[in-house]
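Have a look at the structure below before the remarks.
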Amino acid sequence: MSRQLTILGCRLDLVDASEAVETIIALARRGNGAQIITLGTEMVVAARRDPSFLAVVNASSLNVCDTVGLLAVARLRGASLRERVTGVELIDALAARSVVEKFGIYLLGGAPDVASAAAAALQARYPGLRIAGTADGYFRLEEEARVLNDIRESGARIVLVGLGSPRQEFWLAQHSAELPGVVGIGIGGSFDVLSGRVARAPRAWRTLHLEWLYRLVTEPSRWRRQLALPTFVWLVIKEQLFSRPSAKGY
Ligand code: UDP
């Protein structure tokens, strides 16, 4: 992994969806364990405020660009990043490849029955896909050992973790030693989309990079979280004005 830049202290790997999938499959084949982060604007703002989260972000094996805010900054700095890489798209492509590679996939997260509904949808789309297991994301602390054990015993090579950010990133970082050989990917609310509980923005909105606005309109309770966007813009402008370009030349 060579092409990368740093935005507000967070490493962003400049990969498109197919490069991300190839990297993840290679990591899963190698079997040494890895953490993948679908990096978003809110996460970069959160990492700015929490050094322990920043450390988790920068220790991961791959940080893909999940939001238009990060994509815009990457492009402004001259990076030729074609598209953002969303959790849903990653899961879809990884499911297709996992059939061929014979990797089991475990889905952890979401309200009760959401992960299993997402798993069923994936299996319908990719016959032969091995779902190693599913569990909802509302387990109590005392149930955590059972969840970890279930994942280990499932033999999953890829574990999709949809506990919301930053919890899913902290969770994967904290438990990497207990999940040897596993590639863990934080995928936020992707199971809600895959299971059909939450609709993705219509294609036209996505093409116009307005998925965030669609989500704000359809889930107004998210407005507080989206306050991270103006904060992000302000911090990036400040960074641009007061610091020198990164060593990589972006
Ligand atoms: N979630 C969970 N356990 C929790 C809190 C949240 O499994 O204790 C799930 C929630 O059901 C949803 C996802 O985490 O599926 C968070 O989705 P959101 O869209 O908020 O995350 P984002 O993609 O923005 O990080």
Side-chain angles (χ1 to χ4, degrees), residues 10 12 17 20 35-50 53-54 56-57 60 62-71 84-92 94 105-122 133-144 146-148 150-151 159-175 184-201 205-206 209-229 231-232:
C10 292
L12 176 70
Q35 177 168 1
I36 315 298
I37 294 180
T38 50
L39 194 64
T41 315
E42 289 168 33
M43 293 161 75
V44 170
V45 172
R48 180 92 176 171
R49 295 180 177 142
D50 180 352
F53 187 49
L54 179 66
V56 168
V57 168
S60 85
L62 180 70
N63 292 339
V64 302
C65 176
D66 184 21
T67 59
V68 285
L70 292 180
L71 183 64
R84 68 194 186 105
V85 182
T86 66
V88 172
E89 278 144 5
L90 261 191
I91 296 172
D92 224 43
L94 285 172
I105 299 187
Y106 195 104
L107 287 74
L108 169 66
D113 300 330
V114 169
S116 50
L122 285 173
T134 63
D136 72 68
Y138 291 86
F139 50 88
R140 292 191 303 270
L141 200 57
E142 53 271 33
E143 295 171 305
E144 193 163 75
R146 179 185 53 76
V147 171
L148 286 162
D150 192 46
I151 296 174
V159 179
L160 307 172
V161 182
L163 301 174
S165 185
R167 185 177 165 209
Q168 63 201 13
E169 285 78 28
F170 278 124
W171 196 87
L172 277 168
Q174 190 187 342
H175 297 295
I185 314 175
I187 47 77
S190 300
F191 299 153
D192 296 315
V193 175
L194 289 168
S195 66
R197 280 187 136 218
V198 170
R200 265 202 94 172
W205 291 63
R206 295 198 323 243
H209 297 306
L210 289 175
E211 186 154 19
W212 62 274
L213 181 61
Y214 181 84
R215 288 190 84 177
L216 183 60
V217 173
T218 53
E219 298 171 67
S221 59
R222 296 177 71 90
W223 72 269
R224 198 182 287 278
R225 301 179 40 168
Q226 295 204 348
L227 285 181
L229 190 59
T231 308
F232 172 76

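Remember, it's 1-based here, ligands and their atoms both numbered in the order they're listed.
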Take Thr41 and Trp212, measure what side-chain contact (heavy atoms from CB on, under 4.5 Å) needs, and give me the verdict at the end. CA-CA 11 Å; Thr41 315; Trp212 62 274; over 6 Å; no
Any side-chain heavy-atom pair from Leu122 and Asp92 closer than 4.5 angstrom? yes
Under 4.0 Å from any heavy atom of Ala111, which atoms of ligand 1 are there? 11 (O)
Name the closest protein heavy atom to atom 9 (C) of ligand 1, giving the residue it belongs to and the distance to 0.1 Å. Gly162 O, 3.4 Å
Looking only at distances, please establish whether an N/O atom of ligand 1 is found under 3.5 Å from an N/O atom of Arg167. yes
So which protein heavy atom does atom 3 (N) of ligand 1 come closest to, and at what separation? Gly137 O, 2.7 Å
Nearest 0.5 Å, what's the OG1-CG distance between Thr134 and Leu160? 11.5 Å
Do Ile36 and Ser60 come within less than 4.5 Å of each other through their side chains, counting heavy atoms only? no
Considering heavy atoms of the protein only, find what lies nearest to atom 25 (O) of ligand 1 and give residue, atom and distance to 0.1 Å. Ser165 N, 3.5 Å
In the protein, what heavy atom is nearest to atom 20 (O) of ligand 1, and what distance, to one decimal place, separates them? Arg225 NH1, 2.8 Å
With sequence neighbours left out, which residue pairs that include part of residues 110-121 fulfil the salt bridge (charged side-chain N to carboxylate O under 4.0 Å, His left out) condition? none
Considering both backbone and side-chain atoms of Ile187, is one of its nitrogen or oxygen atoms within less than 3.5 Å of a nitrogen or oxygen in ligand 1? no
Please report which non-hydrogen protein atom sits nearest to atom 21 (O) of ligand 1, along with the residue it belongs to and the distance in Å to one decimal place. Gly189 N, 3.7 Å
Determine whether Thr38 and Thr86 make a side-chain contact, defined as any pair of heavy atoms from C-beta on separated by less than 4.5 Å. no
Nearest neighbour in protein (non-hydrogen) for atom 16 (C) of ligand 1: Gly164 CA, 3.6 Å
At a 4.0 Å threshold, what atoms of ligand 1 neighbour a non-hydrogen atom of Gly109? 7 (O)
Hey, is Arg197 one of the residues with a heavy atom under 4.0 angstrom from ligand 1? no
Side chains of Cys10 and Leu39: does their closest heavy-atom pair fall under 4.5 Å? yes
Within-4.5 Å side-chain heavy-atom neighbours: Asp136 and Val114: no
Taking the inter-plane angle between the rings of Trp205 and Tyr214 on a 0 to 90° scale, is it parallel (under 30°), tilted (30 to 60°) or perpendicular (over 60°)? perpendicular
So which heavy atom in the protein is nearest atom 10 (C) of ligand 1, and how far is it from that ligand atom? Tyr138 OH, 3.5 Å
Nearest non-hydrogen protein atom, atom 12 (C) of ligand 1: Asp192 OD2, 3.3 Å
Number the atoms of ligand 1 from 1 as they appear, then name those within less than 4.0 Å of a heavy atom of Arg215, with their elements. 19 (O)
